[in-house]
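Source: prediction; values computed, not measured. Order of appearance sets the numbers: ligands from 1, and atoms from 1 within every ligand.
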Amino acid sequence: MHCFISSMMNEHAPYILTDSKSLEEALNQRLSDKGRIFILADSNTSEHCLPMIQSMLPQDGKDCMLMDLAAGEDAKSLDTAMDLYRQLITYGADRSSVMINLGGGMVCDLGGFVASTYKRGMEFIHVPTTVLAQVDAAIGGKTGVNLGSLKNMVGNFTLPSATLIYPEFLNTLPKREVMAGFAEILKHALIADHSLWTKIIEAPYIDLPLIKSIIPEASHVKVGIVNRDFEEKGERKKLNFGHTIGHALESLILESPGKNLLHGEAVALGMIAESYLSMKAGKLSDDELKAISDFIAQHYKPIELDRMQFHRIIELMRHDKKNKRSKVNFTLLNGIGDSLIDQEPDMEDVMEALNYLEHYPFPA
Ligand SMILES: NC(=O)c1ccc[n+]([C@@H]2O[C@H](COP(=O)([O-])OP(=O)(O)OC[C@H]3O[C@@H](n4cnc5c(N)ncnc54)[C@H](O)[C@@H]3O)[C@@H](O)[C@H]2O)c1
């Protein structure tokens with residue numbers, strides 16, 4: 001079984017494949033008339049997902065070239081990209097070759113970047129294996145690498161020839177990564193899909209079966225938005241809800257030795273603070289703010305902040321690459337299920353929002 005989730009029938013929309021036979025068919029359809037196949041995987045996806053993909057390829061994938069990376073964000077660099085270009089040259093990749101990016105957002109961003117720039121572009125297919133990549137990173141054509149601590153500083157917009165989503169790959173994903181990716185599902189519901197929000201809050205548990213079952217709806221939100229605004233001139237900025245404060249929290253934690261916070265966890269906390277800003281702007285009711293904050297507090301851990309750090313967070317937000325004319329740019333909610341881009345709240349309100357987040361009663 002597979003379903004094609006674009007309402008606009010964009011040929012690059014992802015396919016959700018609910019059984020291994022459909023994944024095998026989808027792969028082979030796209031690879032049958034191609035040259036050499038290169039598979040990019042990290043140490044975890046090599047262990048947990050690669051054997052299945054190889055078994056689906058002609059001669060169990062013995063003709064494919066595996067490019068194996070260390071897991072983790074550090075590999076998403078120009079140094080790794082150079083190493084991959086060298087491997088592609090050594091093993092004779094040409095423009096009939098295809099690269100399969102088998103992994104989370106790190107592998108998809110890096111692999112998409114390398115494939116889209118090698119010899120001015122070779123074909124690539126994303127096979128995302130994390131929740132975050134299945135609903136977000138593998139959709140919409142953003143590719144890139146980091147420059148040191150500066151995230152996604154070098155990259156481009158290039159669509160893969162296909163994104164093949166197989167939710168069963170999520171079975172081996174650590175629970176913390178599952179919940180970090182779930183934050184992006186929650187964001188998709190809050191910015192654009194009230195019925196998805198209702199489904200989430202009415203579910204008895206937030207567990208992997210529930211998350212796998214809502215991947216189609218959550219991906220659909222992103223597909224719809226990027227089909228209408230591929231180059232992020234307007235509506236695509238809606239996807240930044242929770243990210244202005246979330247990114248600043250992520251950077252703050254990077255400056256604090258011994259602490260760590262996953263991207264999705266930072267976004268979840270950012271969504272509490274940015275929902276508060278939405279309420280202050282008169283766009284979200286007190287009840288909606290409470291419902292969002294309670295839900296996030298129930299499923300994520302709080303962050304300890306002091307007032308000195310509030311100033312540092314605001315400084316970090318001022319460096320965000322989404323800003324224009326020294327104003328800090330936010331996407332805020334216009335009620336649950338709708339959102340407003342290019343909002344520029346006062347910094348006093350941002351301080352209040354951080355204070356709200358800091359004092360929110362998270363259950364012990
Ligand atoms: N291009 C975009 O539009 C976009 C959007 C959002 C995020 N991103 C990027 O995505 C990246 C984060 O993605 P991520 O959260 O998927 O992180 P990730 O790719 O680093 O994966 C998280 C961890 O899960 C492991 N893993 C992956 N699949 C697994 C599986 N099936 N079983 C067991 N372990 C598995 C990985 O090895 C890694 O240790 C960041 O670089 C971010 O900038 C890109």
Using side-chain heavy atoms (C-beta onward) and a distance below 4.5 Å, is Asn101 in contact with Phe124? yes

Is any side-chain heavy atom of Leu305 closer than 4.5 Å to one of Leu252? yes

Counting each atom of ligand 1 from 1 as listed, which ones have a heavy atom of [X] under 4.0 Å away?
X: Asp136; answer: 5 (C), 6 (C)
X: Gly104; answer: 16 (O), 19 (O)
X: Ala71; answer: 37 (O), 39 (O)
X: Lys222; answer: 3 (O)
X: Asp42; answer: 36 (C), 37 (O)

Which heavy atom of [X] sits nearest to which heavy atom of [Y], and what is that distance?
X: Val178; Y: Ile211; result: CG1-CD1, 3.6 Å
X: Gly103; Y: Ala133; result: O-CB, 4.1 Å
X: Val221; Y: Ala192; result: CG1-CB, 3.9 Å
X: Ile245; Y: Phe330; result: CG1-CE2, 3.8 Å
X: Ile200; Y: Ala189; result: CD1-CB, 4.3 Å

Phe241 and Leu340: same hydrophobic cluster, using ILVMFWY side-chain contacts below 4.5 Å? no

Would Lys142 and Glu232 satisfy salt bridge (Lys or Arg N to Asp or Glu O under 4.0 Å), going step by step from the backbone distance to the final call? CA-CA 10 Å; Lys142 279 191 184 176; Glu232 200 165 331; 2.6 Å; yes

Is the contact between [X] and ligand 1 made by the side chain, the backbone, both, or neither, using heavy atoms and a 4.0 Å cut-off?
X: Glu47; result: neither
X: Asp109; result: side chain
X: Asn152; result: side chain
X: Glu184; result: neither

Measure the distance from [atom] to every protein heavy atom, then report the residue, atom name and distance (to 0.1 Å) of the closest one.
atom: atom 33 (C) of ligand 1; value: Thr172 O, 3.2 Å
atom: atom 40 (C) of ligand 1; value: Glu73 OE1, 3.4 Å
atom: atom 12 (C) of ligand 1; value: Leu132 CD2, 3.9 Å
atom: atom 24 (O) of ligand 1; value: Leu173 CD1, 3.7 Å
atom: atom 25 (C) of ligand 1; value: Asn44 ND2, 3.8 Å
atom: atom 31 (N) of ligand 1; value: Phe169 O, 3.0 Å

Does an N or O anywhere in [X] fall below 3.5 Å from an N or O of ligand 1?
X: Thr130; value: yes
X: Thr129; value: yes
X: Lys76; value: yes
X: Met106; value: yes
X: Lys142; value: yes

Quick one: sort the Tyr118 and Tyr85 rings into parallel, tilted or perpendicular, breaks at 30° and 60°. parallel

Once the angle between the rings of His299 and Phe295 is folded into 0 to 90°, is it parallel (under 30°), tilted (30 to 60°) or perpendicular (over 60°)? tilted

Would [X] count as a contact of ligand 1 if the rule is a heavy atom under 4.0 Å away?
X: Glu177; value: yes
X: Cys49; value: yes
X: Gln134; value: no

Could you go step by step and tell me if Glu217 and His188 meet the side-chain hydrogen bond (donor to acceptor under 3.5 Å, both in side chains) rule? CA-CA 9 Å; Glu217 286 140 284; His188 288 180; over 6 Å; no

Could you check whether atom NZ of Lys119 has more than 12 heavy atoms from other residues, nucleotides or ligands sitting under 6.0 Å from it? yes

For Lys238 and Thr331, indicate whether the former's side chain and the latter's backbone hold a donor-acceptor pair under 3.5 Å. no

Which option out of Ala41, Gly105, Ala137 puts a heavy atom nearest to atom 5 (C) of ligand 1? Ala137

